[in-house]
Amino acid sequence: MDTARLTEQRLTELEIKASFTEDLLDQLNQVIVRQQAQIDGLLRAVGELRQQPAESGVPAFRSLRDELPPHY
């Protein structure tokens, strides 16, 4: 009888651990989905920033000599 109670207790503990593990897995999946959405947004923003200089007519590379103050 004692082994049956011990076995039931161990089974109950395993079920509790499995439940917590499933909950943690769901939370981690939600974090991954949010992070992927953020990554997608950042990739779109970087793509837009890369196209801006070409559209505005401003050269992508500027020399520091072009930035000299007028008194030089």
Side-chain angles (χ1 to χ4, degrees):
M1 201 66 174
D2 194 29
T3 57
R5 215 175 14 194
L6 181 62
T7 302
E8 186 174 334
Q9 182 183 2
R10 291 178 67 200
L11 181 61
T12 302
E13 289 174 3
L14 287 174
E15 288 173 342
I16 292 170
K17 286 182 182 182
S19 177
F20 280 120
T21 302
E22 286 178 14
D23 185 49
L24 179 60
L25 183 62
D26 288 341
Q27 290 176 14
L28 290 174
N29 282 333
Q30 291 172 2
V31 168
I32 290 171
V33 168
R34 279 196 313 266
Q35 286 180 341
Q36 188 61 51
Q38 288 175 338
I39 289 170
D40 293 342
L42 290 171
L43 287 173
R44 278 192 300 276
V46 167
E48 291 171 4
L49 288 173
R50 284 184 178 164
Q51 290 179 359
Q52 272 184 350
E55 293 174 357
S56 67
V58 177
F61 174 76
R62 294 188 337 203
S63 172
L64 290 179
R65 291 186 182 270
D66 296 338
E67 300 290 324
L68 288 177
H71 63 277
Y72 278 99

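- In this structure, the separation between OG1 on T3 and CD on E8 is 11.5 Å, given to the nearest 0.5 Å.
- With values rounded to the nearest 0.5 angstrom, L11 atom CG is found 11.5 Å from L6 atom CG.
- Separation of atoms NZ (K17) and CG (L24) is listed at 14.0 Å; rounding is to 0.5 Å.
- Atom CD1 of residue I32 and atom CD of residue Q27 lie 12.0 Å apart, to the nearest 0.5 angstrom.
- Note that CD of Q51 is 7.5 Å distant from CD of E48, once rounded to the nearest 0.5 Å.
- Under 3.5 Å, the side chains of D26 and Q30 contain no donor-acceptor pair of N or O atoms.
- Atom CD of E15 has more than 12 neighbouring heavy atoms from other residues, nucleotides or ligands inside a 6.0 Å radius.
- Counting heavy atoms from C-beta outward, I16 and E13 have side chains that stay 4.5 Å or more apart.
- R10 contributes atom CZ, which lies 7.0 Å from atom CG of L14 (distance to the nearest 0.5 angstrom).
- Looking only at side-chain heavy atoms (C-beta outward), L25 and T21 stay at 4.5 Å or farther from each other.
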